[in-house]
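Below is one structure; the comments refer to it alone.
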Amino acid sequence: MSRQQAYVCATVGAAMWGLIGLFVQALYHAGFTPWQTVAVRAVFSALLIVGFLAVRRPHLLKINIKDLPYFIGTGIISIVFFNWCYFTVMEEASLSLAVVLLYTGPLFVTLLSRVLFREWLTHRKMISLFLTMTGCAFTVGLLPSFETSLSLFVILAGLGSGFFYALYSVFGKYVSRRYSPLTITAYSFICASCLMIPAGGLMHQLPLFADPAVILYAVGLAFVPTVLGYILYTSGLTYIESSRASILTTIEPVVAIIIGVTVFGDVLGGWQILGILLVLASIFVISEREKERSQKPADAAESLKS
């Protein structure tokens, strides 16, 4: 694969993450709740990615049973609750707001890494944190008037999506040097499925799966913004620097916001647009290669989008 093809793969993969709202909203209209939609994504994604690895790379399905608690952390504590918070904001507010609040994740990653791993708080990280917090304040309406039409529940759910996303990096960091990102992703969804099959409430919605459209949206949710998006992104990541590839992920919120505005009728004011731009700017700041002393982040953090 040439360098140009690698950039195309990484960009297309990240863009597919931004398509998630199309499938989630379709499942909402079919009658699924956010919690049930989490179950759909977890179960169908686990089936697809495990099936892919079993056929193409079976050796990646081997793990040490002692590492299972970390996969429970990435799968249940992170993926399940990250998705529930993310999907809840989509239902209660808008897709555009959900994806912007999701990108508070790097803020929590930075803070947790400082506490747990003693990583340095560099100037770039501090600037990125300021831009993220300011951008989110503008997006939810707390700035410039300190008033917002959003409920506290929605704001907390949005911040929760970023927090639980950050926990993926925390748990994933412990196993990222021993396993392929594909292995981490596969076992994360396996663990998530182990919880969501009995607790996700899908048994009450089995009649809905008689509709071919529901099956199509469920498989689409697992395949397009999950398995296919992740495989394309990681394929490109193999040939380009992680820091540069991370910048390409900013296409995800751009795609999601465009879909939110054009397909779902999200309305964005001038201050909200400013907030979105500040959040995107923070991603560029934190992703650029730093000359200051810092530790290399875990590549596993990227696989949460899958």
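For clarity, every value in this text was computed on a predicted model and none was experimentally measured.
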Go through the structure and list residues passing side-chain contact (heavy atoms from CB on, under 4.5 Å) with T139, not counting sequence neighbours.
L97, V100, I276

Please test L280 against V254 for side-chain contact (heavy atoms from CB on, under 4.5 Å), starting from the C-alpha separation and ending with a verdict.
CA-CA 9 Å; L280 293 177; V254 172; 4.1 Å; yes

Would you call the rings of F23 and Y217 parallel, tilted or perpendicular, taking 30° and 60° as the class edges?
perpendicular

Among Y168, Y187, Y174, F171, the one residue meeting ring pair (Phe, Tyr, Trp, His ring centres under 6.0 Å) with Y70
Y174

Sequence-distant partners of E91, side-chain contact (heavy atoms from CB on, under 4.5 Å), two or more places apart:
Y28, P34

Working for side-chain contact (heavy atoms from CB on, under 4.5 Å), residues S96 and L268
CA-CA 8 Å; S96 300; L268 299 174; 4.1 Å; yes

Who pairs with F87 by ring-ring contact (aromatic ring centres under 6.0 Å, His included), at least two apart in sequence or on another chain?
none

Of all residues at least two apart in sequence or in a different chain, which pass the ring-ring contact (aromatic ring centres under 6.0 Å, His included) check with F44?
none

Is a side-chain donor or acceptor of D266 paired with a backbone partner of S94 at a separation under 3.5 angstrom?
no

Sequence neighbours excluded, which residues qualify as side-chain contact (heavy atoms from CB on, under 4.5 Å) partners of L274?
F138, W271, L278

Who passes side chain to side chain donor-acceptor pair (under 3.5 Å) against E92, sequence neighbours left out?
none

Any residue meeting salt bridge (Lys or Arg N to Asp or Glu O under 4.0 Å) with D67, in chain and number order, not counting sequence neighbours:
R178

Any residue meeting side chain to side chain donor-acceptor pair (under 3.5 Å) with T132, in chain and number order, not counting sequence neighbours:
S282

Strictly distance-based, threshold 3.5 Å: is any side-chain N or O of S78 a donor or acceptor partner for the main-chain N or O of L167?
no

Flag yes if more than 12 heavy atoms outside F130 fall under 6.0 Å of its CZ atom; otherwise flag no.
no

L48 meets the side-chain contact (heavy atoms from CB on, under 4.5 Å) criterion, sequence neighbours left out, with A222, F223, V227

If you take all heavy atoms of V255 and A15, which pair is closest and at what distance?
CG1-O, 3.8 Å

Go through the steps for L111 and L107 under the test side-chain contact (heavy atoms from CB on, under 4.5 Å), then give the verdict.
CA-CA 6 Å; L111 295 178; L107 182 153; 3.6 Å; yes

Show every salt bridge (Lys or Arg N to Asp or Glu O under 4.0 Å) that has at least one partner inside residues 98-116, sequence neighbours left out.
none

For residues 190-210, run the donor-acceptor check on the side chains, cut-off 3.5 Å, and write out each pair with its distance to 0.1 Å, sequence neighbours left out.
from : atom 1 : to   : atom 2 : distance (Å)
S193 : OG     : A42  : O      : 2.9
S193 : OG     : F189 : O      : 2.8
Q205 : NE2    : G31  : O      : 3.0
Q205 : NE2    : Q36  : OE1    : 2.9

Side-chain donor-acceptor pairs of residues 148-157 under 3.5 Å, sequence neighbours excluded:
from : atom 1 : to   : atom 2 : distance (Å)
T148 : OG1    : V140 : O      : 2.4
T148 : OG1    : L150 : N      : 3.1
S151 : OG     : V154 : N      : 3.2

Donor-acceptor under 3.5 Å (T183 side chain, Y179 main chain)
no

Q25 side chain to L22 backbone, donor-acceptor under 3.5 Å
no

Report yes or no: does K125 contribute a side-chain atom to a donor-acceptor pair with the main-chain N or O of W120 at less than 3.5 Å?
yes

Centroid-centroid under 6.0 Å between F164 and F81 rings
yes

